> 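If you scroll down you'll find the structure; I have some questions about it.
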Amino acid sequence: MSLLELSGVRASYGRRTALHAVDLRMAAHETVCVLGPSGSGKSTLLRVVAGLTAPDGGTVRLDGRDQAGVPPHRRGVGLMFQDHQLFPQRDVGGNIAFGLRMHRVPAAEAERRVAELLELVGLPGAQRRPVSGLSGGEQQRVALARALAPRPRLLMLDEPLGQLDRDLRERLAVELRQLFRRLGTTVLAVTHDQGEAFALADRVLVMREGRVAQTGSPLEVWQRPADAFVARFLGFRNIAGARVGADGHADTPWGAVPVPDGTPPGPCRVLIRPPGVRLGGALPAVVRARTFRGDHVLLHLEPERGPALEAACRPAAAPAEGEAVGVGFDAAEVVTLPPGDGDGASTQ
Ligand SMILES: Nc1ncnc2c1ncn2[C@@H]1O[C@H](COP(=O)(O)OP(=O)(O)OP(=O)(O)O)[C@@H](O)[C@H]1O
């Protein structure tokens, strides 16, 4: 049985529909990250599960039980919001123990649990520290410990690492994943940062305008985006309308592009991942810009025909800005997508 099951959930604010018939099943111990652009309905989804927003239709089940009419504090879910809202007048221990007092956990037991949680989040012995003296990352950890303290069956995080700089965010995402594994916590997190989602999640759910655009493991979604919208959201830019012929090539604005064996013929969109845009091919192009990405350089190319292309190449082999190059394509990095842009419209 699923721990959480949403079927056909709709929600709106006045006349604005924020969720259209959303389905989601989560197994116990799973971490699911909801990804999507601003306004796609991510926070509304959390609010509906938490009981803070009533759905207009559909059902939310926790452990098989319909949650209609069940108030937030009786759902057994923990929530941690973006701005983590610690109580400034309480110390670290007081913040973490807050929910425990509400649940009438005896003081000695609460104290033991606070100490244990501080160990878990990497702040052992910090009980008496004032929260005003903590760094952003430390505050985030305290907020997490507070959300975990009542041992919720489902922990929901809204942009859990949103306030932190990239370096700390990546480090904490890995730590959180290990922590959730160890505790066996079931987690539903919302983020608009794909790096954070990929680092945290067993499964991601990409939302678009109140609908689920795709769900799958980070690797599945990365390797096979469901459509051009998801591909663009993941940061891919080399996407164009195309037609696959019988000869293993697609006819594209850049010319003939090889496609993987077995690709069915017909109209589609092609996505060429940057490593699949190879220097040394027949299509003339000019290097317009270069972005250093650590282990590779991303080249922004203006080809003689077709839209701009991004190519990934080894730093040592990267041509200079303004240089003329020839471009070819590798079938292994080419993905065919449905012909529309993901909303059912077939635009070229
Ligand atoms: N309190 C509200 N009143 C009216 N409309 C709202 C309210 N909250 C959200 N909306 C609208 O509902 C839609 C979904 O909003 P939601 O906050 O769920 O999106 P989101 O994906 O979490 O966005 P963000 O990443 O910006 O937080 C948006 O169109 C938004 O404008």
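Each ligand, and each atom within it, is numbered from 1 in the order the structure gives. It should be emphasised that the depicted structure is a prediction, and the values quoted were computed from it without experimental measurement. Excluded from the calculations below are hydrogen atoms, water molecules and symmetry mates; all remaining heavy atoms, backbone and side chain alike, are included.
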> Looking at ligand 1, does any of its N/O atoms fall within less than 3.5 Å of an N/O of E159?
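Min N/O separation from ligand 1 is not below 3.5 Å for E159.
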> Is a side-chain N or O of R269 found less than 3.5 angstrom from the main chain of P339, in a donor-acceptor match?
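Indeed, once roles are kept as given, a pair shorter than 3.5 Å links the two residues.
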> Please tabulate, for the side chains in residues 315-332, all donor-acceptor contacts under 3.5 angstrom to protein atoms that are two or more places apart in sequence or on a different chain.
{"from": "E323", "atom 1": "OE1", "to": "A320", "atom 2": "N", "distance (Å)": "3.0"}
{"from": "D330", "atom 1": "OD1", "to": "R278", "atom 2": "NE", "distance (Å)": "3.0"}

> Using a 3.5 Å distance criterion without hydrogens, assess whether the side chain of N238 forms a donor-acceptor pair with backbone atoms of E310.
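Here the side-chain-to-backbone pair exists.
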> Could you give me the CA-CA distance, side-chain angles and deciding distance for K42 and E159, then say whether salt bridge (Lys or Arg N to Asp or Glu O under 4.0 Å) is met?
CA-CA 10 Å; K42 305 181 297 295; E159 302 279 355; 5.0 Å; no
> Ligand 1 and H192, any nitrogen or oxygen pair closer than 3.5 angstrom?
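In fact, backbone or side chain, H192 has no N or O that close.
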> State the CD1-CZ distance between I96 and R141, to the nearest 0.5 angstrom.
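These two atoms lie 12.0 Å from each other.
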> Nearest heavy atom to atom 26 (O) of ligand 1 wins, so pick from G36, S38, A18.
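Of the listed residues, S38 has the closest heavy atom.
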> Which bit of M207 gets closer than 4.0 Å to ligand 1, counting heavy atoms only: side chain, backbone, both or neither?
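Neither; no heavy atom under 4.0 Å.
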> Output the list of atoms in ligand 1 that are nearer than 4.0 Å to some heavy atom of T44, sorted by atom number.
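The atoms of ligand 1 under 4.0 Å from a heavy atom of T44 are 14 (C), 15 (O), 16 (P), 18 (O).
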> Minimum distance, heavy atoms only, to atom 28 (C) of ligand 1: which one of G14, G39, A11, S12 is it?
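Ranked by closest heavy atom to atom 28 (C) of ligand 1, first place is G39.
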> Under 3.5 Å, which donor-acceptor pairs link side chains of residues 29-36 to any protein atom two or more places apart or in another chain?
{"from": "H29", "atom 1": "ND1", "to": "G184", "atom 2": "O", "distance (Å)": "2.6"}
{"from": "E30", "atom 1": "OE1", "to": "A27", "atom 2": "N", "distance (Å)": "3.0"}
{"from": "E30", "atom 1": "OE1", "to": "R203", "atom 2": "NH2", "distance (Å)": "3.3"}
{"from": "E30", "atom 1": "OE2", "to": "R203", "atom 2": "NE", "distance (Å)": "2.7"}
{"from": "E30", "atom 1": "OE2", "to": "R203", "atom 2": "NH2", "distance (Å)": "3.4"}

> Heavy atoms only: which of G41, P37, S43 lies closest to atom 17 (O) of ligand 1?
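Ranked by closest heavy atom to atom 17 (O) of ligand 1, first place is S43.
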